[in-house]
Number of protein chains: 2
Amino acid sequence: MKRKITLKQIAKELDVSVSTVSKALSGSKEISEDTTQKIQAFAKLYNYRPNNIALSLKNRKTKTIGILIPEIVHHFFSTVIRGIERVANRRGYNVIVGLSNESFTKEVINMELLAGGSIDGFILSISKETLLKQDYHHFNATIDQGMPIVMFDRVVAEVDCDKVIVDDMKGAVKAVKKLIENDCKNIALITTMDYVSVGRLRTQGYLQALQENEIEAEPNLILKIDDSLDVENHLEILENEIETFFRMNKNIDGVFAVNELYAVTAMKVARKLGLNIPDDIQVIGFTDGVLSKHATPSLTTVSQHGQKIGEQSANLLIDRLEAEDAEQDSYIVNTDRKKDFIKMVIETEIIERESTKSKIYLEE
Amino acid sequence: MKRKITLKQIAKELDVSVSTVSKALSGSKEISEDTTQKIQAFAKLYNYRPNNIALSLKNRKTKTIGILIPEIVHHFFSTVIRGIERVANRRGYNVIVGLSNESFTKEVINMELLAGGSIDGFILSISKETLLKQDYHHFNATIDQGMPIVMFDRVVAEVDCDKVIVDDMKGAVKAVKKLIENDCKNIALITTMDYVSVGRLRTQGYLQALQENEIEAEPNLILKIDDSLDVENHLEILENEIETFFRMNKNIDGVFAVNELYAVTAMKVARKLGLNIPDDIQVIGFTDGVLSKHATPSLTTVSQHGQKIGEQSANLLIDRLEAEDAEQDSYIVNTDRKKDFIKMVIETEIIERESTKSKIYLEE
DNA sequence: TGTCAACACGAAAACGTTTTCGCTAGGAAT
DNA sequence: ATTCCTAGCGAAAACGTTTTCGTGTTGACA
């Protein structure tokens, strides 16, 4: 197999020194035009590409950022990656992706692997298992070794770093308020067990919206799904749970679900029970993915703007990386830097579609 | 900012040589137990992690593979990545992802960037623009520099490398045959313009299935959508096209669509026109994604097994990488190696759901 | 003719490893 | 007492760059 051509080989071939080749290729004024031309031509001919690895070793930076997410077959995380990739590329960085599959062990292993020099910083979202264990030593160890981290969506107070989050609670409040405005009297909540922070926050938002409108929360109207099992492959279980839930609470006229899947499944079950959407029952979901857009009827959702989250995360990380660079040139060292971490909140937005009643006629 | 601790620093601190530290940490028998213990304890205390970059430079391999895909917010590509990541991790490799966004330029730039030493090999799927331009020099240049490539799904004969493809044509044949068996007399095809190979192949499959059953293909029953525009954001256009298509061909009783989106949109339109699925019209799509599973009625699809494609691709690539290693130790050099590239075909499978009639009663 | 600047280039260090080889000291064997 | 082996460690090269600091050869100028 052919090896990539190196400076040394070019140097030997053209009978000059490595330094000369390096300078010629970077267009240094030090080298005569003759030599420069000759070297550049030769390099082009042999398709020379500098070895990033060697550069990384020298510069102590790799110009790549590591992403660590729980799952990639997931619309929200995909859009976040796309956002990260956008600004990373624009700012001259590459992106390397690790998957934890919601497992604590895989998260730790992946971090150790990537932290071992391959990347300059992390952008990550914590796995469910880690949230359950509440063991965050690997994050703190990485930060201690001077590698900055930005967390998004699933964050945790125990780790000191920049964070980008969705205003889950506010988003839920907005959604439920919309249902209330649309004359729903008995609003159900379909949520998960609360060990993942986002589920808890959205539940809180639901409760708060009710409280603000002086509606008493009815425990019967809250359905908690155990999402530790792989829902995608146990769709019937989910459907059955929702069906009995609906049967036991025939008065439900509005549903707020903490994710797309629960929402469209709720719609499916409702229709199976002969209910019309949105006339008999209105539904709002969370996460604006493909399901919401293409379901029939299309689903009104709380959009989290995943791409924006990714973009902001990347900007935060790269800003910090480049601030570090500047710091080395500067005499003033801000020892308090560790304390001014940023927590950025991305506003949610309600995308109105067919699963809720349009109130346009009221606004005339 | 704290820098990562290096062998040299440990050596200085413990007043031994760098070599000793290196050997002690790798558990070499050469070093006395005393020293080994002391060094290992110190290393653990300071959380020493070897610098992969330095290792990569020395070993001339990075143990990471580069993925280059047109789009990440796409169920099929996500599952492929998951598959790649699975076997890569199992076999000790990392995964770095680049996105071309269907753009030729971004594809070239990304390849140059990654090929510059960051990775040992590529797994990629060609962007639409590249397929249109038919300019494949960047692939061949990369291969010439000794970096192996595996292409999946969107492949091209002009590049000599391992390939993993879906039997698109056969899958389409199966789907259409199923419609024929289910007594459909006028089967429509909703497809794309054919510059992307997969669209063409699926169209061919449609035609072949008809021919094999001695049904004459009716040009009116083929709808070609211009997918150069971003369909996700021009949903109404798609719906309108399909609606007029249906209105002009009221005899349609079966639809084969080359992707999920077209299929569910067709179902949506059909229902809007008062048609019942699957009684009046049966629908089969391609690609088994979330839409198919959660649409109402759920969609019968041709599954491509994206994860399997990813796993096979990764295995092919890593096999080749490790064969290269072995080659260097061997005296026999197979100069014909370049010619025995593998083209692996992943079988499709029809997932039957509610959008086609069940024929169980016939099989009794 | 001697001095000096400018020009064109080379040598070497540095980044963090691993690995090969060599060296020293001590004990065993002769 | 001399030789030899071996355990335990260090020196140095190598991977591919960039960059700093020489160094030698011009030519011009005094």
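Here is how names work: the chains are called A, B, and so on, in the same order as the sequence lines, proteins then strands, and each is numbered from 1. None of these values were measured; they are calculated from a predicted model. Computed over heavy atoms, backbone and side chain alike; hydrogens, waters and symmetry mates excluded.
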Side chain A:K23 and base C:dG10 donor-acceptor under 3.5 Å: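 In this structure, the two groups form a donor-acceptor pair.
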Taking [atom1] from [X] and [atom2] from [N], how many angstroms apart are they, rounded to a whole number?
| X | N | atom1 | atom2 | result |
| --- | --- | --- | --- | --- |
| A:I31 | C:dA11 | CD1 | C1' | 13 Å |
| A:N59 | D:dT17 | CG | C1' | 9 Å |
| B:N52 | C:dG16 | CG | C1' | 11 Å |
| A:L7 | D:dA14 | CG | P | 17 Å |
| B:I5 | C:dT17 | CD1 | C1' | 15 Å |
| B:L55 | D:dG16 | CG | P | 15 Å |
| B:L14 | D:dG10 | CG | C1' | 15 Å |
| B:K58 | C:dT19 | NZ | P | 8 Å |

Exercise: do A:N101 and B:R86 side chains pair donor with acceptor under 3.5 Å: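 Result is no, nothing qualifies.
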B:T20 and B:S17: side chain donor to acceptor below 3.5 Å: yes
Would you tell me if any nitrogen or oxygen in the side chain of [X] comes within less than 4.0 Å of OP1 or OP2 on [N]?
| X | N | result |
| --- | --- | --- |
| B:K8 | C:dC15 | yes |
| B:Y48 | C:dT17 | yes |
| B:T35 | D:dC9 | yes |
| A:S32 | C:dC9 | yes |

Salt bridge or not for [X] and [Y], using N-O below 4.0 Å?
| X | Y | answer |
| --- | --- | --- |
| B:K8 | B:E13 | no |
| A:E129 | A:K106 | no |
| A:D144 | B:K4 | no |

Would you indicate which nucleotide in [options] comes nearest to any side-chain atom of [X]?
| X | options | result |
| --- | --- | --- |
| B:L57 | C:dT17, D:dG10, D:dG16 | D:dG16 |
| A:E30 | C:dT17, C:dC9, D:dT17 | C:dC9 |
| A:S19 | C:dC15, D:dT18, C:dA12 | C:dA12 |

Whichever of B:S22 and A:S17 has its nearest DNA chain C nucleotide further upstream toward 5': A:S17
Contact nearer the 5' end of DNA chain D, comparing B:V21 with B:R60: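 Per heavy-atom nearest nucleotide, the more 5' residue is B:V21.
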